[in-house]
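Order of the sequence lines sets the chain letters (A, B, ...), proteins ahead of strands, with each chain counted from 1.
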There are 2 protein chains.
Amino acid sequence: MRQIIEERTGSYSRHASVPDMHGAYLRVAAHVTVLHEGDTARRIMEVVEGAMMLTKLLPDGRRQVVELLGPGDVFGLAACDVYACSAETLTTAVITTHDRGALDRDPALASRLLRRFETQLCAMHSHALVLGRMSALERVAFFLLRLMPESVVGGTLHLAMTRQEIADFLGLTLETVSRAFSELKRRGLVALLRADEVQINDRNSMRRLAGAA
Amino acid sequence: MRQIIEERTGSYSRHASVPDMHGAYLRVAAHVTVLHEGDTARRIMEVVEGAMMLTKLLPDGRRQVVELLGPGDVFGLAACDVYACSAETLTTAVITTHDRGALDRDPALASRLLRRFETQLCAMHSHALVLGRMSALERVAFFLLRLMPESVVGGTLHLAMTRQEIADFLGLTLETVSRAFSELKRRGLVALLRADEVQINDRNSMRRLAGAA
DNA sequence: CGTGCTGTTGAACGAAGTCAACCCTCGTGG
DNA sequence: CCACGAGGGTTGACTTCGTTCAACAGCACG
């Protein structure tokens, strides 16, 4: 584990040594691939701090960002014995890992993960609705609302993702995402301070667009 | 107990109260809505036998089938305190239910559900890739492979879903699904004995289409 | 100042959606 | 036993939304 993290952090590498201990915290730089789709699944991980994304690839290179993760979210899952997704940090992040065997030995851990799996599964259900049935504009509105919790009212949201990454999350192309942002701006629903700095002006209209999600 | 079963089989009776018996089995007829999106989430359920689908609706009536369930799969999930999806039987089915509180009291149950959630979450990840990045033909190929396990080689697959339901699962229209079936038939990858009776003739080509999934 | 990214915008194209006609199968009742 | 009707499925013609291809703009960095 230790080598993997350092290996992948490349030039960003910071913490020289992180022991491979149960529940150990790892700090990882932004834009680092922590897990590779198809690698043997040995450990299960949690995001403690920061943001990450899970991605899947098609043989011809088409990519889907299947899930966005924040603090508390779990990743490193496997249907059989290999990881189903790659996992990449969007920001610097702190993660913790557990041996897969610990799930059986530690009921408290199992209970916590179970709870978390449930919310992630529900999030995936919403995402399926977005990918399967929503227009480009609706998808982008949904995306922004999802990232902007109620609390942050007049606040400005910093996007840690490029247009391409957002597109891969929403099942669109980067051009279409860009056009959708422009359209939302034209309609006065959002303001773009910079390309990665968004303000939601008309939350109700946004919610209507996103299907009251 | 008995009454509830009959009550449900009659027609889609909205919201029958389920007896609070741990692990009771319920037999339900085909095409019955067992759970309604938005209802208060009291119980968590497992499919014992048969097939079901989970659906979500947009205010304007657009529908997405977010998940297909078979024996062992869990449903009745909620991110907050209400069900995130409706659940409907595709065939006659046997289900069992647990009080949500049982998750904390019963570690064996929690462990089993955890395992199951993991595979369902992985299935959702695949599904996101399908919905976000695959063409119509690829989606239908993927769908058929998913329903046709390796074992059944020359066998014929009975589809328990209409074209509309398949379309809602794959994020397409029923016409597009129909055209995709015809195209697969034209190419000799499948044979359609009847509209709901499919045979896979060229598994390799199908797998290539579906992205080696 | 270039140079290299990322993002925006325009024009043309194409895959899937829409609308509509028709077909097939099956169950029912004359 | 056949005729009919209803529901699901197929196919065709046309439209539309998002993609593709391409040019250009803003900005950070050397």
Report summary line: Tightest non-hydrogen contact, residues B/Thr173 and B/Ala167, listed as C-CB, 3.4 Å
Report summary line: Here the pair of heavy atoms bringing A/Arg139 nearest to A/Met134 is NE-O, 2.8 Å
Report summary line: Whole-Å distance, A/Arg133 CZ to D/dG18 P, equals 14 Å
Requested in this report: Using distance alone, with no hydrogens and no angle criterion, decide if A/Glu46 and A/His98 have a side-chain donor and acceptor under 3.5 Å apart.
Outcome: yes
Query - Whole-Å gap separating P (C/dG17) and CG (B/Leu170) - result: 11 Å
Requested in this report: Could you state the atom-to-atom distance from CD1 of B/Ile166 to C1' of D/dG8 in whole Å?
Outcome: 12 Å
Report task. Rounded off to whole Å, could you give me the CG-to-C1' distance for the B/Leu159 and D/dT10 pair? Result -> 16 Å
Query - Nearest-angstrom distance from the residue atom CZ of A/Arg163 to P of D/dC27 - result: 13 Å
Query raised in the report: A/Met134 CE to D/dG18 P: how many Å, rounded?
Result: 13 Å
Query - Nucleotide D/dG18, atom P - distance to CZ of A/Arg139 in whole Å - result: 7 Å
**Report entry** Flag if over 12 foreign heavy atoms under 6.0 Å of CZ, A/Arg115
**Finding:** no
**Report entry** Backbone N/O of A/Met52 and side chain of A/Thr89: donor-acceptor pair under 3.5 Å
**Finding:** no
Requested in this report: Give a yes/no verdict on a cation-pi contact between A/Arg146 and A/Phe169, requiring under 6.0 Å between NZ or CZ and the six-membered ring centre and an angle within 45° of the axis.
Outcome: no
Requested in this report: Would you mind reading off the bend of the helix from C/dC1-D/dG30 to C/dG30-D/dC1 from its two end axes, five pairs each, to 10 degrees?
Outcome: 20°
**Report entry** Separation between CD of A/Gln199 and CG of A/Leu144, rounded to the nearest 0.5 Å
**Finding:** 12.0 Å
Query raised in the report: Whole Å only: how far is the CD atom of B/Glu165 from the C1' atom of D/dG7?
Result: 13 Å
Query raised in the report: What are the two closest non-hydrogen atoms of A/Gly50 and A/Pro71, and how far apart are they?
Result: O-CD, 3.5 Å
**Report entry** Expected output: side-chain A/Arg163 to main-chain A/Ala195 donor-acceptor under 3.5 Å
**Finding:** yes
Query - Near-strand residues of residues 174-195 of chain A, defined as heavy-atom separation under 4.0 angstrom from DNA chain D - result: A/Glu175, A/Thr176, A/Arg179
